[in-house]
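In what follows, a single structure is set out as structure tokens and then discussed.
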Amino acid sequence: MQPALLCLCVFAQMVSALNATSLLFNSTAASFVPVALRAVLNTGPPPSSGAYGTAVWAGQSTAVRFTAPPDVPGYGATLAEVQLTVAANRYSPSNLRLSVFQDSGRNSPGTTVLESRVIRLPAYDGRVTITATHPGNLYLYPGELFWVTLEGDARYVQDAVSWLDSPNGVAWTAFNAQSVGLKEAGEDTQTLMGSKSSTDTAAGWVVERATRASSIRVLVA
């Protein structure tokens, strides 16, 4: 299957004592027939301050698993939207790739990419909410496993962005790193913290059932 393009909206809210500004990047306007959407994965938002998350750069990518619910129609549900929150890098612009992969069959991201989109963020000291909407031609069938992956091209971990964690989110997560000791980054300090304990490895991915998973919401129609 050829990768289908996502319609991507990126909102960065810059807050100061004087005003708040919203930035909209790479938005595609289109008309759609309203349909009922439901969440198949929603780990919840990150805390309002002092959040931690997974560092994303050339030396490390990260992923979160989702699945189609068992009660979807026989013809399948369609992927409608993926939303996640990152802490941008205050010193360096970032080029990220947001993708949807099929599962490898070993509970890890596989090699078949179903969606892929490059996200370009400016150097920015704050959070960015990324909302990617799908045109409606990717069908999810009951019990199928998929992974949302986030990759970066920063050469140095100091230039990484951080995919922020939700304190209440439970999900299967994975990261693929040159060094498993460089997993987490603090939102406020951009310093690196220690890795979570891993439960499994497959195809170069460290896979775990996280109780503080990356902040993500996946909607289907």
* Given side-chain contact (heavy atoms from CB on, under 4.5 Å), test Ile216 with Val82 step by step and report yes or no. => CA-CA 7 Å; Ile216 184 172; Val82 176; 4.2 Å; yes
* Would Leu96 and Val161 satisfy side-chain contact (heavy atoms from CB on, under 4.5 Å), going step by step from the backbone distance to the final call? -> CA-CA 9 Å; Leu96 306 174; Val161 303; 3.7 Å; yes
* To do: Starting from the C-alpha separation in whole Å, work towards a yes-or-no answer on side chain to side chain donor-acceptor pair (under 3.5 Å) for Trp147 and Asp103.
  => CA-CA 7 Å; Trp147 294 81; Asp103 186 77; 2.7 Å; yes
* Does the side-chain contact (heavy atoms from CB on, under 4.5 Å) test come out yes or no for Val207 and Trp172, once each step is laid out? -> CA-CA 7 Å; Val207 183; Trp172 282 100; 3.7 Å; yes
* Asked: Can Ser116 and Ser99 be said to form a side chain to side chain donor-acceptor pair (under 3.5 Å), step by step?
  -> CA-CA 4 Å; Ser116 189; Ser99 305; 3.2 Å; yes
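Taking Ile, Leu, Val, Met, Phe, Trp and Tyr as hydrophobic and joining them when side-chain heavy atoms fall under 4.5 Å apart, one finds Tyr141 in a cluster with Tyr139.
For the pair Leu145 and Arg65, the minimum side-chain heavy-atom distance is below 4.5 Å. Within the 4.5 Å cutoff, the side chain of Leu140 has no heavy atoms near those of the Thr78 side chain.
A salt bridge links Arg38 with Asp71: the closest approach of a Lys/Arg side-chain nitrogen to an acidic carboxylate oxygen falls below 4.0 angstrom.
In this structure Arg217 satisfies the salt bridge (Lys or Arg N to Asp or Glu O under 4.0 Å) test together with Glu81, sequence neighbours excluded.
Sorted by first and then second residue, the salt bridge (charged side-chain N to carboxylate O under 4.0 Å, His left out) pairs involving residues 48-62 (not counting sequence neighbours) form an empty list.
When all heavy atoms of Val86 and Trp163 are compared, the pair lying nearest together is CG1-CA, 4.0 Å.
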